[in-house]
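I have placed the structure first, in the form of structure tokens, so that the comments after it can refer back to it.
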Amino acid sequence: RALRAVVSAIVQARYRRLDQSFPADRRAEIYGQSVGYSDPYTFVFPTYQRLVYLHSLYDIALAFEHSPLLACTAFVASGAATTDGHTIVGRNFDFDVDPWFDDDKIVEIVAPKNALAFVSVAWPGMTGVVTGMNSEGLWVNVNGGRAGELDSGGVPVVFTTRAVLEGAHSIDEAIAIIARDAPMASHILLLADGKTGESAVVERAPGRALGIVREPSTTVLANHYRTSPLKDDPKDARIRELTTTLNRDARMRELVTRARGHVDPATATAMLRDRSGVGDTPLPLGNRNALDAVVATHSVVADLTARVLWVSEGPHTLGRYVRIDLPARLRDGERAADAEAVGDIPEDLALHDGTWARFELGSRLRHEAHVAAGARRWNAAIDLYRRATDLRTDDHLAWRGLAEAAHHTGDEATAHAAWQRVLALAPEGPAAEREAQARAQTDKP
């Protein structure tokens with residue numbers, strides 16, 4: 001509670017005029033929400049101000065070093081890379097925060113006056129866009145990236161992406177719209193066009209020129225920059241060092257190359273559900289080196305040429321992917337739903353063969369162990385971590401917790417063996433691997 005109070009005070013002081021950079025129509029929309037919303041959290045912030053902060057959540061979170069917003073992976077395949085020449089996009093939005101964002105996701109279809117209609121995948125109350133497609137078959141999604149400094153006078157990215165969907169008929173028009181706004185925080189945008197099969201990655205940071213990458217036929221995006229000077233920024237180097245962006249990028253490129261000529265919505269879904277490492281290396285369920293680390297708030301496949309989406313129902317990527325036909329929805333409204341259901345993509349087998357149940361129980365045990373460790377109840381933590389590893393012998397996070405707890409009790413033999421197990425189960429990122437190697441040596445019995 002004390003930490004929350006400190007963070008709230010910092011946010012209030014630093015971003016007290018944040019809404020002044022919002023487009024006028026977004027301010028009006030958010031104000032309307034605040035008037036009509038029965039808000040149970042007015043003790044934290046006034047409703048309007050809280051909704052302003054929530055629309056800038058991504059941008060504000062980057063001011064805090066351990067932001068959880070840097071694990072998304074996406075791809076585009078078009079032309080000869082797909083089965084029928086259509087432009088296919090796949091995207092995992094890994095937003096590892098409150099389960100509510102996964103449980104209560106929504107698909108919103110918006111048909112504004114004097115602007116292009118679009119579909120957005122997000123959560124209730126979001127007036128901006130993190131993942132979406134417009135009626136022209138133009139796609140945009142946001143991936144996290146770090147470079148430069150935060151600009152509290154810049155425009156939150158979710159409003160720039162909405163402006164793209166409302167106004168852009170082509171990638172060039174989208175880039176022109178993006179260039180109009182000064183960004184509040186660094187990020188990477190994926191654009192794709194279902195009419196032409198073109199795609200582009202747009203890299204942004206406050207005070208820096210746009211970085212643009214265009215690739216023929218296929219494009220892959222994780223969380224690191226590829227254009228100068230952004231790729232030379234120390235913050236981007238830190239992302240490469242501390243996260244799994246390079247491994248996820250490499251694995252997605254491997255799968256896209258392997259599926260060349262055969263990419264369709266079902267294949268794209270299988271790629272987003274992929275839980276192996278580069279070279280088909282087995283990974284523990286939930287390992288962040290995998291494209292599917294079982295943390296996606298939403299996972300989306302799109303056939304941009306047909307203007308159709310498939311959106312994960314949850315949990316994460318495991319539930320069915322529900323088909324949303326944008327032209328039919330705009331024409332027929334809810335009456336289109338029954339016809340769409342015929343094209344849903346089935347649930348993952350892991351949802352029914354015990355895999356998901358073991359994962360959920362193991363996660364609860366690890367959480368209880370973490371709480372015990374935080375209270376320095378090391379023996380209780382060890383017992384809970386052992387129960388988690390008995391349940392799932394490949395639970396790398398439980399083995400890591402066991403190593404830490406055993407070290408604090410002076411049981412170096414258990415700590416050493418647990419660190420060795422962590423190493424065998426693919427630490428999540430270069431820095432994590434070096435730490436596990438060093439600790440395995442330090443904790444030798």
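It should be emphasised that the depicted structure is a prediction, and the values quoted were computed from it without experimental measurement. Every heavy atom of this structure was used, including side-chain atoms; hydrogens, water molecules and symmetry mates were not.
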Over 12 non-hydrogen atoms of neighbours within 6.0 angstrom of [atom1] in [X]:
X: H352; atom1: NE2; value: yes
X: H367; atom1: NE2; value: no
X: H370; atom1: NE2; value: no
X: R386; atom1: CZ; value: no

For the side chain of [X] and the backbone of [Y], is there at least one donor-acceptor N/O pair under 3.5 Å apart?
X: R323; Y: V308; answer: no
X: W399; Y: T393; answer: yes
X: D348; Y: L318; answer: no
X: E108; Y: A122; answer: no
X: H396; Y: V422; answer: no

If only side-chain N and O atoms count, and only distance matters, is there a donor-acceptor pair under 3.5 Å linking [Y] with [X]?
X: T160; Y: D181; result: yes
X: T389; Y: D395; result: no
X: D172; Y: S170; result: no

Could you check whether [X] pairs with [Y] (Lys NZ or Arg NE/NH1/NH2 to Asp/Glu carboxylate O, under 4.0 Å)?
X: R275; Y: D292; value: yes
X: R439; Y: E404; value: yes
X: E149; Y: K235; value: yes
X: R329; Y: D325; value: no
X: D94; Y: R288; value: no
X: R162; Y: E29; value: yes

Derivation of the side-chain contact (heavy atoms from CB on, under 4.5 Å) call for L291 and L255:
CA-CA 10 Å; L291 297 174; L255 293 181; 3.6 Å; yes
Check whether any side-chain heavy atom of [X] sits under 4.5 Å from a side-chain heavy atom of [Y], and report yes or no.
X: D280; Y: R258; result: yes
X: E347; Y: Y321; result: no
X: D193; Y: L138; result: yes
X: N289; Y: R251; result: no
X: R366; Y: S363; result: yes
X: M133; Y: V300; result: no
X: D102; Y: P315; result: yes
X: W139; Y: T87; result: no

Return the set of residues passing side-chain hydrogen bond (donor to acceptor under 3.5 Å, both in side chains) with S78 (not counting sequence neighbours), or none when no residue passes.
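Residues passing side-chain hydrogen bond (donor to acceptor under 3.5 Å, both in side chains) with S78: none at all.
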T161: partners by side-chain hydrogen bond (donor to acceptor under 3.5 Å, both in side chains), with sequence neighbours left out:
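T161: no side-chain hydrogen bond (donor to acceptor under 3.5 Å, both in side chains) contacts found.
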Between I175 and V202, is a side-chain contact (heavy atoms from CB on, under 4.5 Å) present by the stated rule, with each step listed?
CA-CA 8 Å; I175 291 172; V202 181; 4.1 Å; yes
On the 0 to 90° scale, with breaks at 30° and 60°, tag the F101-W123 ring pair as parallel, tilted or perpendicular.
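Perpendicular: the ring planes of F101 and W123 meet at over 60°.
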Return the orientation label for the F22 and F159 ring planes: parallel under 30°, perpendicular over 60°, tilted otherwise.
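Perpendicular.
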Gap separating the [atom1] atom of [X] from the [atom2] atom of [Y], nearest 0.5 angstrom:
X: T82; Y: D84; atom1: OG1; atom2: CG; answer: 5.0 Å
X: E198; Y: T219; atom1: CD; atom2: OG1; answer: 10.5 Å
X: L425; Y: D394; atom1: CG; atom2: CG; answer: 6.5 Å
X: S56; Y: M184; atom1: OG; atom2: CE; answer: 5.0 Å

Ignoring hydrogens, what is the shortest heavy-atom contact between [X] and [Y]? Give both atom names and the distance.
X: G153; Y: S21; result: O-CB, 3.5 Å
X: E166; Y: P112; result: OE2-CG, 3.6 Å
X: P206; Y: S186; result: CD-N, 3.8 Å

Going through the distances and angles, do H55 and Q33 end up as a side-chain contact (heavy atoms from CB on, under 4.5 Å)?
CA-CA 12 Å; H55 279 82; Q33 289 179 332; 3.9 Å; yes
Run through H187, R91, H224 and flag the one making a side chain to side chain donor-acceptor pair (under 3.5 Å) with N143.
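It is R91, the one option of H187, R91, H224 that forms the side chain to side chain donor-acceptor pair (under 3.5 Å) with N143.
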I'd like to check the side-chain contact (heavy atoms from CB on, under 4.5 Å) partners of A81; sequence neighbours left out, ordered by chain and number.
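side-chain contact (heavy atoms from CB on, under 4.5 Å) check on A81 returns A77, S217, T218, R260.
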For V130 and V158: C-alpha separation, side-chain torsions, deciding distance, then whether side-chain contact (heavy atoms from CB on, under 4.5 Å) applies.
CA-CA 6 Å; V130 292; V158 298; 3.8 Å; yes
Between V89, L326, V121, V301, which is the residue that forms a side chain to side chain contact (heavy atoms under 4.5 Å, CB included) with L309?
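It is V121, the one option of V89, L326, V121, V301 that forms the side chain to side chain contact (heavy atoms under 4.5 Å, CB included) with L309.
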Test E428 against every option in T243, L397, N247 by the side chain to side chain contact (heavy atoms under 4.5 Å, CB included) rule and name the one that passes.
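So, applying the side chain to side chain contact (heavy atoms under 4.5 Å, CB included) to E428 and each of T243, L397, N247, only L397 qualifies.
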